[in-house]
Amino acid sequence: MRHRGPGHADEHGGRRRPDVDRGRHPMTAAPAAGTVRTRFCPSPTGMVHVGLIRTALFNWAHARHSGGAFVFRIEDTDAARDSEASYRHLLDSLRWLGLDWDEGPEVGGPHGPYRQSQRHDVYREVAAKLLESGHAYESFSSNEEVDARRRAAGQDPKLGYDNHDRFLTDAQKAAFRDEGRSPVLRLRMPEEDLAWTDLVRGEVRFAAGSVPDFVLVRGNGAPLYPFVNPVDDALMQITDVLRGEDLLPSTPRQLALYAALTDIGVAAGTPRFGHLPYVTGEGNKKLSKRDPQANFDVYPERGFLPEGLANYLSLLGWSIADDRDVFSMAELVEAFDVTRVGVNPARFDLKKAEAINSTHLRALPVAEFTARVVPFLAAAGLVADPPTPEQQAVLEAIAPLAQERMIVLSDAVGLLGFLFTDEVAIDPAAAAKQLGGADAAEVLDAATRSLTALEDWTTPALEAALKQALVEELGRKPRQAFGPVRDAVSGRTVSPPLYESMELLGRERTLARLAAARTQTGT
RNA sequence: GCCCCCAUCGUCUAGCGGUCCAGGACGCCGCCCUUUCAAGGCGGUAGCACGGGUUCGAACCCCGUUGGGGGCACCA
């Protein structure tokens, strides 16, 4: 079947670039620049899911790549579950990731309001037109009655509504009303196959008759998601709908609704659809709400970089090149092509997300890195925000050395904390590993003697003195020599380079820590 | 039960009928660098689910099997 509309591929010759045919589904290649309109339309309920943000990211990238518009709409039709906090949180999350919208909450636009809770008049009006034109009809059957009819016909009640009320007479309707029943509004589904060329999957087809007439408006007058979502998309002139694979089975209904909306002049045509693969967790199950990795909040909180997380998220179902997977937001926009999004589910791999993030972290200019780390150190009570001049000096000195051994910004708390507080608790595992035996006591004693006598408290001098005392005189291997000292000074087995750290820390504090660690050794 | 989607290293992927005894990345393992941990460099490990076609030729096209996932509300 044909779908006409602002976005139909046939109108655009099926090629984005005349010289290169790169798309997986060239028949659905994007139209000319400036005409694409995508949208992101979450419900403000509960936590923000990483899969949801990935959907937002792809819609955004597609719009930006095409020079089109990205529309943000809030689907808050479920008053019982929606919350203002969740709404705010959604906006914050998108902004944190670096996604901006051309139309939507706090931005406005010509097709507002952009919150469905403020659009009830629109839905009422469209529903009335649908009823009047005969595309929709009033249905009085209760679920129990539908089930009973299915069973009586020897059918599985799972088949759902049986289109029983399609041709009720006015008298019949009046009789139901006299019983006190209020009808739901159902869309009359067409008697033909419903198919479309999916932007990511190619042609998808549902056989005629496999989808029953569905409910548009509840008996109490409340419009439902399968109705309001396409109505708003039509009114907001959305051309490209990128959404989760879970919504794929509902597409035939939307196609039928679009045909009706187009017929009554509400829609200008049917948008293109692209169904994005799931983001899965352990065991290939859709990443569930209970999975800690599914909660988007944990990434900003742990100190992922927005550009690092966005980079990783866009790798879930898409790739920029066969030999590269680290790129900037600008490069994502430049290269993103929906038709090259993969079809199979992608497992969220925290290790890889961290690896990608750490690459971005190391690529940061030092001043930028320092600025981004401060809020994490401040939240841990290690520095003031803004830092005092002394703190700032230490930070700037240590930043280049810390930067290359961190994965997320919050790592700075553990890695650099020892420079900003004297309440350094030695990590128990580190203590067990490095301070366990008599060897450690000897090493610490030798280090203490050597450093107490040291006149020039600088990195080169510290290095020379410690090597002399521990490696030369004590005959320790470097690993055994410096392990306990590092642990004493920083409280950890991994720290910024030792001599530089000691220089920054100063003689007194360094010696105090060696002494404190000495009491924890075996002898 | 019905409908739909999917199937390349452990994981994310490249692959669009010959250039693939399948390339990259993460992970893992080893070596090098560093008389310090980490980082970095170098190398290694491991995969086209199975069976039939089509074709001179198939990871790639078709059919089937198996396996995985999702959807079937007066929720969104």
Side-chain angles (χ1 to χ4, degrees), chain A residues 21-24 26 41-43 45 75-78 80-82 116 139 142-143 155-161 182-186 198 201 204-207 210-212 214-226 228-229 244-252 275 277-278 280 283-286 312 315-326 342-356 358-359 362 401-406 415 430 434 463 466-467 470-472 476-483 485-487 490 492-499 501:
Chain A
D21 179 15
R22 296 164 69 213
R24 196 186 300 272
C41 49
S43 297
T45 57
E75 307 223 326
D76 52 351
T77 53
D78 186 350
R81 297 194 326 187
D82 296 329
Q116 289 187 332
S139 170
S142 69
N143 288 334
Q155 295 167 335
D156 187 344
K158 280 259 185 192
L159 258 23
Y161 174 68
S182 15
V184 300
L185 194 67
R186 288 184 187 271
D198 197 273
R201 280 155 219 278
V204 182
R205 175 174 297 272
F206 286 75
S210 60
V211 186
F214 64 101
V215 175
L216 266 16
V217 181
R218 277 203 264 203
N220 65 6
L224 293 169
Y225 164 82
V228 300
N229 177 272
E245 187 186 342
D246 50 333
L247 291 168
L248 194 147
S250 75
T251 309
H275 289 91
Y278 280 113
T280 68
N284 293 333
K285 292 277 199 287
K286 184 175 153 186
Y312 176 68
L315 252 17
L316 261 21
W318 182 76
S319 65
I320 194 165
D322 61 358
D323 60 351
R324 187 161 78 110
D325 57 14
V326 174
V343 287
N344 39 3
R347 174 101 122 244
F348 190 96
D349 180 354
L350 188 59
K351 277 280 198 312
K352 179 139 184 175
E354 290 176 341
I356 297 277
S358 68
T359 305
R362 266 175 248 128
L401 306 172
Q403 189 170 4
E404 62 193 28
R405 55 199 76 201
M406 284 167 48
L415 193 66
Q434 301 290 7
E463 176 173 1
L466 283 176
K467 280 179 179 167
L470 304 181
V471 180
E472 303 297 331
R476 290 287 188 274
K477 289 184 175 159
R479 174 180 290 275
Q480 293 153 339
F482 297 106
V485 178
R486 175 186 305 284
D487 196 23
S490 73
R492 313 200 140 215
T493 53
V494 176
S495 78
L498 186 54
Y499 320 122
S501 298

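Residue numbers start from 1 in every chain, and the chains themselves are labelled A, B, ... in the order their sequence lines are given, proteins ahead of strands.
B:rC56 is paired with B:rG18 under the Watson-Crick or G-U wobble criterion, all donor-acceptor distances under 3.5 Å. Pair check for B:rA7 finds B:rU66; Watson-Crick or G-U wobble, both atom distances under 3.5 Å. When Watson-Crick and G-U wobble pairs are counted only if both distances are under 3.5 Å, B:rC37 pairs with no nucleotide at all. B:rG1 is paired with B:rC72 under the criterion used here, namely a Watson-Crick or G-U wobble arrangement in which both key atom distances are under 3.5 Å. Searching all strands for a Watson-Crick or G-U wobble partner of B:rG43 with both distances below 3.5 Å returns B:rC29.
Closest non-hydrogen pair, A:Ser495 versus A:Ser490, comes out as CB-OG, 3.4 Å. Shown here for A:Asp198 and A:Val204, the closest heavy-atom pair between the two residues is CB-CG2, 4.2 Å. Considering all non-hydrogen atoms of both residues, A:Ala355 and A:Thr359 come closest at O-OG1, 3.0 Å. Across every non-hydrogen atom of A:Pro277 and A:Gly317, the tightest pair is CG-CA, 4.5 Å. In plain terms, the two heavy atoms of A:Val184 and A:Arg218 that are nearest each other are CG1-C, 4.1 Å.
A distance of about 34 Å separates the P atoms of B:rU55 and B:rG68, rounded to the whole Å. Nucleotides B:rC50 and B:rA38 place their C1' atoms 46 Å apart, quoted to the nearest Å. With P as the reference atom, B:rA39 and B:rC31 are 15 Å apart, rounded to whole Å. One P atom belongs to B:rC62, the other to B:rG67, and the distance between them is 22 Å to the nearest Å. Nucleotides B:rA14 and B:rU8 are separated by 10 Å at their C1' atoms, to the nearest Å. For the P atoms, the distance from B:rG70 to B:rC12 is 15 Å, rounded to whole Å. With C1' as the reference atom, B:rU13 and B:rA59 are 14 Å apart, rounded to whole Å. Across the C1' atoms, B:rG27 and B:rA46 are found 11 Å apart, a figure rounded to whole Å.
Taking the side chain as every heavy atom from C-beta outward, A:Val485 and A:Leu498 approach each other to under 4.5 Å.
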**Request:** Produce a footprint string for nucleotides 69-76 of chain B: one letter per nucleotide, 5' end first; B if the base is under 4.0 Å from any protein heavy atom, S if only the sugar-phosphate is, - if neither.
**Result:** SSS--BSB
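Phosphate proximity of B:rC4 to A:Arg201: absent, as no side-chain N or O sits under 4.0 Å from OP1 or OP2. For A:Ser495 and B:rC37, the shortest distance from a side-chain N or O to OP1 or OP2 is not below 4.0 Å.
Out of B:rC12, B:rA38, B:rU35, the shortest distance to the side chain of A:Leu315 is found at B:rC12. Listed nucleotides: B:rC5, B:rC6, B:rU35. Nearest to the side chain of A:Asn344: B:rC6.
Residue-level contact check: A:Gly317 touches the backbone only, with heavy atoms under 4.0 Å from sugar-phosphate atoms and none from bases. Here A:Arg362 lies in heavy-atom contact (under 4.0 Å) with sugar-phosphate atoms only. Base engagement by A:Glu472 is indicated by at least one non-hydrogen atom pair under 4.0 Å involving a base atom. Within the 4.0 angstrom heavy-atom criterion, only backbone atoms of the sugar-phosphate kind lie near A:Phe206; the bases stay farther away.
We find that A:Arg201 and A:Glu245 are joined by a salt bridge, their nearest charged nitrogen and carboxylate oxygen being less than 4.0 Å apart.
To the nearest 0.5 Å, atom CG of residue A:Asp349 and atom OG1 of residue A:Thr280 are 10.0 Å apart. Summarising the geometry, atom SG belonging to A:Cys41 is positioned 7.5 Å from atom CD belonging to A:Gln116; distances are rounded to the nearest 0.5 Å. To the nearest 0.5 angstrom, A:Asp325 atom CG is 4.0 Å from A:Lys352 atom NZ.
With hydrogens and angles ignored, a donor-acceptor pair closer than 3.5 Å exists between the side chain of A:Arg405 and the base of B:rC37.
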Which atoms of nucleotides 26-34 of chain B (N or O only) lie under 3.5 Å from a protein N or O atom, and what are those distances?
| unit_1 | atom_1 | unit_2 | atom_2 | d |
| --- | --- | --- | --- | --- |
| B:rC26 | O2' | A:Lys352 | N | 3.3 |

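Checked against the 6.0 Å centroid criterion, the rings of A:Phe214 and A:Tyr161 do not qualify as a close aromatic pair.
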